[in-house]
Amino acid sequence: MSARRRVAVLISGRGSNLKALIDAARASEYPAEIALVVSNVETAAGLDVAREAGIATRIVSHKVFASREEFDRAIDAALTAANIDLVCQAGFMRIQTEGFTRKWEGRMLNIHPSLLPAFKGIRVHQQALDAGVKISGCTVHFVVAELDSGPIIAQAAVPVLPGDTAQTLAERILVEEHRIYPQALRDVAAGRIMLRDGRAVLL
Ligand code: GRF
């Protein structure tokens, strides 16, 4: 059997998607292992999720760097030092430089709580409610320099119900996030999905 791909998860907060990835990677046949968790926020609850699972953690605070380039270089150094093959962003609230995204092109994934290309950026669930859509959902995509715009790997649709608030909609979408992110990582780690000519293609 080929070696499992070494994955780093970048977080800034709660870490529920991190936990979903960790749980999936416990299966012996899963083609990836979560080898490192990097947070730019020292108090991120997700760091405890990682520690409880016995996974190495690194805190790289953006506040100590003068520029985005220097911050990204520090993140990149942490990934390289840990021999990371693939990167999963999971609630990582920093925008990355073009150089960093280009270096990890095809090897860095993100999860976003809308059906992209609708509702990029922040306050995503409120954007969906304000637009009056009847279906929203979540998207796993390869990361490119432009925010929330990379080639789409997987999506799941979720109904928007009458009376939904941003919070109730977020909770319903989160269930699907936890389902599709481990599947998407599995497919990329196994080489079944690759970035080719600006598209995520199923081989
Ligand atoms: C998720 O909704 C994810 O889609 C978005 O940020 C949230 C992170 O939640 N990018 P968690 O930290 O994984 O619980």
Side-chain angles (χ1 to χ4, degrees), residues 7-26 32 34 36-53 55 57-62 75 86-96 100-101 104 108-131 133 135-161 164-188 200:
V7 174
V9 184
L10 307 186
I11 62 165
S12 300
R14 181 176 55 183
S16 70
N17 278 289
L18 165 65
K19 181 158 191 324
L21 296 174
I22 290 172
D23 288 347
R26 287 187 210 281
I34 312 303
L36 177 68
V37 173
V38 181
S39 175
N40 65 313
V41 177
E42 201 176 345
T43 55
L47 286 167
D48 292 329
V49 173
R51 289 180 192 121
E52 275 159 30
I55 295 167
T57 58
R58 287 282 304 270
I59 296 160
V60 183
S61 171
H62 56 283
I75 297 277
L86 295 169
V87 179
C88 287
Q89 298 189 15
F92 185 59
M93 301 302 285
R94 302 304 299 168
I95 293 172
Q96 280 121 6
F100 181 76
T101 54
W104 289 92
M108 183 155 62
L109 288 62
N110 181 43
I111 184 140
H112 183 80
S114 75
L115 289 176
L116 290 172
F119 314 131
K120 299 175 180 178
I122 58 169
R123 302 186 70 246
V124 176
H125 306 99
Q126 193 58 51
Q127 288 189 53
L129 293 176
D130 291 348
V133 295
I135 295 174
S136 190
C138 50
T139 303
V140 180
H141 63 92
F142 284 116
V143 176
V144 297
E146 197 183 333
L147 187 67
D148 300 328
S149 298
I152 291 170
I153 299 168
Q155 292 184 303
V158 171
V160 180
L161 300 180
D164 257 342
T165 63
Q167 191 181 336
T168 59
L169 180 58
E171 284 165 9
R172 195 174 312 114
I173 290 175
L174 199 60
V175 175
E176 291 301 301
E177 294 186 41
H178 297 164
R179 189 176 64 80
I180 69 168
Y181 209 179
Q183 288 178 358
L185 175 60
R186 183 195 61 204
D187 288 343
V188 172

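If you're wondering where the values come from, they're calculated on a predicted model, not measured in any experiment. Indexing begins at 1, ligand by ligand and atom by atom, following the structure's order. Both backbone and side-chain heavy atoms feed into the values below; hydrogens, waters and symmetry mates do not.
Among protein heavy atoms, atom 9 (O) of ligand 1 sits closest to Arg14 NH2, 3.1 Å. Residue, atom and distance of the protein heavy atom nearest to atom 8 (C) of ligand 1 are Gly91 CA, 3.6 Å.
The closest approach between a heavy atom of Gly46 and any atom of ligand 1 is not below 4.0 Å.
The N/O atoms of Asn110, backbone and side chain alike, include none that comes under 3.5 Å of an N/O atom in ligand 1. Close N/O approach between Gly15 and ligand 1 is found [any backbone or side-chain N/O within under 3.5 Å]. Where the criterion is an N or O separation shorter than 3.5 Å, residue side chain and backbone included, Ile111 meets it with respect to ligand 1.
Minimum heavy-atom separation, Ala50 to Thr57: CB-CG2, 3.6 Å. The two atoms that bring Ser12 and Phe92 nearest to each other are OG-CA, 3.4 Å, heavy atoms only. Summarising the geometry of Gln127 relative to Lys120, their closest heavy-atom pair is NE2-O, 2.8 Å, with the distance given to 0.1 Å.
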Derivation of the side chain to side chain contact (heavy atoms under 4.5 Å, CB included) call for Val158 and Cys138: CA-CA 8 Å; Val158 171; Cys138 50; 5.6 Å; no
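Rounded to the nearest 0.5 angstrom, His62 NE2 and Ile95 CD1 are separated by 11.5 Å.
Residue Glu177 touches ligand 1 through its side chain alone, judged by heavy-atom distances below 4.0 Å.
Side chain of Asp148 to main chain of Gly121: a donor-acceptor pair is present (N/O by atom type, distance under 3.5 Å, no hydrogens or angles).
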